[in-house]
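Have a look at the structure below before the remarks.
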Number of protein chains: 2
Amino acid sequence: MDVTTADGPTMRFDVFDAFCPSRRLLDTIGNKWASLVIVALGLQGRMRYSELSARIAGVSQKMLTQTVRGLERDGLLTRTVTPSVPVRVDYELTPLGLSLLDTIRHLKEWAEEHMAEVDRAREEYDRKSA
Amino acid sequence: MDVTTADGPTMRFDVFDAFCPSRRLLDTIGNKWASLVIVALGLQGRMRYSELSARIAGVSQKMLTQTVRGLERDGLLTRTVTPSVPVRVDYELTPLGLSLLDTIRHLKEWAEEHMAEVDRAREEYDRKSA
DNA sequence: CTGCATCCCCCGAGATACTG
DNA sequence: CAGTATCTCGGGGGATGCAG
């Protein structure tokens with residue numbers, strides 16, 4: 001597929017190229033914590049670190065920090081530090097992050113419509129294997 | 001979100017529950033090899049094992065086998081063995097797999113439209129950090 | 001409260017060799 | 001050709017302790 005960009009005439013995309021943008025997106029949304037952070041912020045808007053931590057069951061401090069740092073670096077959310085005592089830190093989706101949220105919603109919808117079918121397929125497969 | 005199912009009146013979905021269908025979908029499409037197999041089969045239709053192996057650069061035999069087995073178990077593709085000599089094995093998306101392909105295409109489109117912006121954000125972020 | 005640093009463990013995934 | 005079996009290694013990710 002060719003697409004016209006501001007930087008040049010056309011740019012070729014090949015998901016099978018590890019350096020292709022579409023391939024790199026998989027590295028982002030493939031990270032389950034990243035997706036959950038985006039969904040959480042999409043549902044509740046601005047959230048504090050501790051709120052995210054409580055909402056996303058099972059995530060460790062280390063992984064949550066690592067995840068939000070990555071998302072901030074990618075421009076998907078903003079990190080706002082309020083220099084009070086104790087410190088308060090808020091996270092919020094950027095317009096870019098919101099647009100990705102829309103895409104993630106499609107995934108969610110597919111799951112809600114079809115995962116029961118997947119479960120049936122699995123049972124069938126496991127039954128035959130046994 | 002509530003949805004009416006065949007098994008009962010309504011079923012509640014919570015992506016923050018590790019056992020929720022929508023959460024489990026992330027485990028599938030989050031796997032880059034799985035996504036690439038689905039995209040490859042979506043582009044070329046029925047493919048042999050060796051064709052998939054050649055098309056998806058960088059995947060090892062082990063991971064490719066493991067991936068297609070998982071997708072077969074999930075009912076997303078079919079595995080057809082032709083008992084010739086040598087053996088021939090073909091993979092093809094099921095209707096369920098095709099419907100997921102549509103969803104993956106949304107991801108691809110988002111990437112093509114927005115990854116340049118992500119790249120800019122990263123450069124900006126890294127510049128500030130340095 | 002929000003994180004960074006450190007230690008440590010487990011298994012995901014590649015490489016290699018072998019088989020129907 | 002299309003896998004399995006086995007070994008190995010690196011790093012993802014949890015637990016804990018410390019700091020601004």
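Each chain gets a letter, A, B and so on, in the order the sequences are listed, and its residues count up from 1. Just so it is clear, the structure is predicted and the values come from calculations on it, not from any experiment.
Of the candidate nucleotides dG14(D), dG17(D), dT4(D), dT4(D) has the atom lying nearest to any side-chain atom of T65(B). In this structure, the nucleotide among dG14(C), dG13(D), dG3(C) sitting nearest to the side chain of M63(B) is dG14(C). Nearest nucleotide to the P86(B) side chain, out of dC4(C), dG3(D), dC1(D): dC1(D).
Nearest-nucleotide positions on DNA chain D place V89(B) closer to the 5' end than the other of V87(A) and V89(B). Mapped onto DNA chain C by nearest heavy atom, K62(A) and V68(A) fall at different nucleotides, with V68(A) at the one closer to the 5' end.
Electrostatic pairing of R88(B) and D90(B) counts as a salt bridge here, judged by a charged N lying under 4.0 Å from a carboxylate O. Electrostatic pairing of R23(B) and D14(B) does not count as a salt bridge here, judged by no charged N lying under 4.0 Å from a carboxylate O. We find that R120(A) and E124(A) are not joined by a salt bridge, their nearest charged nitrogen and carboxylate oxygen being 4.0 Å or further apart. The pair E123(B)-R127(B) does not count as a salt bridge, with every side-chain nitrogen at least 4.0 angstrom from each carboxylate oxygen. Between D27(B) and R24(B), none of the side-chain N atoms (NZ, or NE/NH1/NH2) sits under 4.0 Å from a carboxylate O, so this pair counts as no salt bridge.
Between the P atom of dG14(D) and the CD atom of Q61(A) lies a distance of 12 Å, rounded to the nearest Å. The CD-C1' distance, from Q66(A) to dA5(C), rounds to 13 Å in whole Å. For L64(B) and dG12(C), the CG to P distance is 18 Å, given to the nearest whole Å. Going from atom NZ of K32(A) over to atom P of dG12(D) covers 15 Å, rounded to whole Å.
At a non-hydrogen distance threshold of 4.0 Å, R48(A), Y49(A), S50(A) from residues 42-60 of chain A come into contact with DNA chain C.
A donor-acceptor contact under 3.5 angstrom links the side chains of Y49(B) and T65(B), judged on distance only.
Under 4.0 angstrom from either OP1 or OP2 of dT4(D) there lies at least one side-chain N or O belonging to R69(B). Y91(A) has a side-chain polar atom (N or O) that falls below the 4.0 Å cut-off from OP1 or OP2 of dG3(C). Phosphate proximity of dT2(C) to R79(A): absent, as no side-chain N or O sits under 4.0 Å from OP1 or OP2.
Partners of S53(A) by side-chain contact (heavy atoms from CB on, under 4.5 Å), not counting sequence neighbours, listed by chain and number: L64(A).
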